[in-house]
Participant: 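The structure follows.
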Amino acid sequence: MTEGEKTFDEIIAEANLPVTVTLAPRMRSGWSMRILPSGHRELKLPRIFETAPLSVKITVLEWAVLDRPRLRAKRSAYFKRKGELETVARDWLMSQSGRGGKRKLPTYETKGIRWDLAEVRDFVNAEYFGGRVETLVRWGRAGSKLSFQISKHLADGTEFNVVTIAGAYNHAEVPRFAIESIMHHEMLHIAI
């Protein structure tokens with residue numbers, strides 16, 4: 001810690017915050033928090049946060065004491081602020097761990113019994129979306145009957161889409177147009 005920097009305990013004492021910070025030597029990324037019935041919060045951070053600049057420490061503590069509003073109308077502001085605080089803390093943490101660049105996207109098995117979803121996606125994307133829709137694709141579990149699209153985030157905040165085609169369609173007798181139709185439907189959710 002550089003001269004003039006404050007410890008978490010000093011910041012907590014000065015601001016009279018209901019938080020206890022534990023610096024965990026084995027924790028490398030992320031953090032966790034537990035709210036006790038009394039309202040006191042127990043925040044667990046990677047030890048590297050001990051050397052964080054004062055602004056990052058204050059950001060993490062503000063995140064810890066952020067209260068989720070009971071009224072739905074006020075929740076969007078809460079989630080926006082929570083996301084901003086998490087981004088500041090995550091960006092600093094990533095810069096310290098030497099992984100400051102974008103993280104690698106996951107890979108999924110796209111080859112099915114008869115159809116390769118990557119080929120279907122590329123065809124549908126070129127035919128209907130001019131190649132503008134970016135998404136990963138995967139088969140759902142065997143026998144699953146629900147196809148869906150979700151957005152996910154990497155630890156560095158990078159957002160990506162995943163289209164999952166129901167495992168029930170991974171059958172030798174399912175025609176390609178059926179897979180294309182489902183893929184088109186799910187990609188529309190991303191495009192619009």
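As the structure is a prediction and not an experimental result, all values here were calculated from the model.
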Participant: Is there a donor-acceptor pair under 3.5 Å between the side chain of S144 and the backbone N or O of G167?
Facilitator: yes
Participant: Does the E5 side chain pair with the main chain of P53, one donor and one acceptor, at a distance under 3.5 Å?
Facilitator: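 A pair under 3.5 Å: no.
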Participant: Just checking R47: does its CZ atom have more than 12 heavy atoms from other residues, nucleotides or ligands closer to it than 6.0 angstrom?
Facilitator: yes
Participant: Under a 4.0 Å N-O cut-off, is there an ion pair linking K6 with E14?
Facilitator: yes
Participant: Got a donor-acceptor contact below 3.5 angstrom from the K111 side chain to the A118 backbone?
Facilitator: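 No.
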Participant: Sort out for me which residue in L61, V60, V21 forms a side-chain contact (heavy atoms from CB on, under 4.5 Å) with I11.
Facilitator: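 For I11, the side-chain contact (heavy atoms from CB on, under 4.5 Å) check succeeds only for L61.
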Participant: Would you mind listing the cluster partners of W139? Hydrophobic ones only (ILVMFWY), side-chain contacts under 4.5 Å, chaining allowed.
Facilitator: W115, L117, V120, F123, V124, Y128, F129, V133, V137, V163, I165, Y169, V174, I179, I182, M183, M187, L188, I190, I192
Participant: Apply side chain to side chain contact (heavy atoms under 4.5 Å, CB included) to the pair F160 and E134, showing each step before the final yes or no.
Facilitator: CA-CA 8 Å; F160 64 98; E134 292 185 28; over 6 Å; no
Participant: Return the minimal non-hydrogen interatomic distance between P25 and L23, and the atom names on each side.
Facilitator: CD-O, 3.6 Å
Participant: Is the backbone N or O of Y108 less than 3.5 Å from a side-chain atom of R138, with the two atoms forming a donor-acceptor pair by type?
Facilitator: no
Participant: Give a yes or no on whether the backbone of G39 and the side-chain of R41 come within a donor-acceptor separation of less than 3.5 Å.
Facilitator: yes
Participant: Is the backbone of N161 close enough, under 3.5 Å, to the side chain of T135 for a donor and an acceptor to pair up by distance?
Facilitator: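 Yes; judged by distance alone, with no hydrogens or angles, the pair exists.
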Participant: If you round to the nearest 0.5 Å, how far is OG1 of T20 from CG of L36?
Facilitator: 8.0 Å
Participant: For the atom pair OG1 (T22) and CZ (F8), what is the distance rounded to the nearest 0.5 Å?
Facilitator: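 Rounded to the nearest 0.5 Å, the OG1-CZ separation comes out at 11.0 Å.
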Participant: Taking atom CZ of R121 and atom CG of D116, what is their separation to the nearest 0.5 Å?
Facilitator: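 If we round to the nearest 0.5 Å, R121:CZ and D116:CG are 8.5 Å apart.
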Participant: Can you label the angle between the F49 ring and the W92 ring as parallel, tilted or perpendicular, going by 30° and 60°?
Facilitator: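 Geometry flag for W92 against F49: tilted rings.
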Participant: For the atom pair NE2 (H184) and CG (N125), what is the distance rounded to the nearest 0.5 Å?
Facilitator: 10.0 Å
Participant: When you measure from the side chain of Q149 to the backbone N and O of E186, does any donor-acceptor pair fall under 3.5 Å?
Facilitator: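 Not a single qualifying donor-acceptor pair exists.
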Participant: Could you check whether atom CD of E42 has more than 12 heavy atoms from other residues, nucleotides or ligands sitting under 6.0 Å from it?
Facilitator: yes
Participant: Drop me the distance from L17's CG to I12's CD1, to the nearest 0.5 angstrom.
Facilitator: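 That separation rounds to 6.5 Å.
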Participant: What is the minimum heavy-atom distance between L43 and A64, and which atoms define it?
Facilitator: CD2-CB, 4.0 Å
Participant: Is there a side chain to side chain contact (heavy atoms under 4.5 Å, CB included) between R81 and E62 once you walk through the steps?
Facilitator: CA-CA 10 Å; R81 184 63 183 148; E62 183 183 341; 3.0 Å; yes
Participant: Measuring from atom CG of L93 to atom CG of L45, what distance do you get when rounded to the nearest 0.5 angstrom?
Facilitator: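 So the gap between those two atoms works out to 9.0 Å.
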Participant: How is the hydrophobic cluster of V88 composed, in terms of its other members, when Ile, Leu, Val, Met, Phe, Trp and Tyr link through side-chain heavy atoms under 4.5 Å apart, directly or indirectly?
Facilitator: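 None; V88 is a cluster of one.
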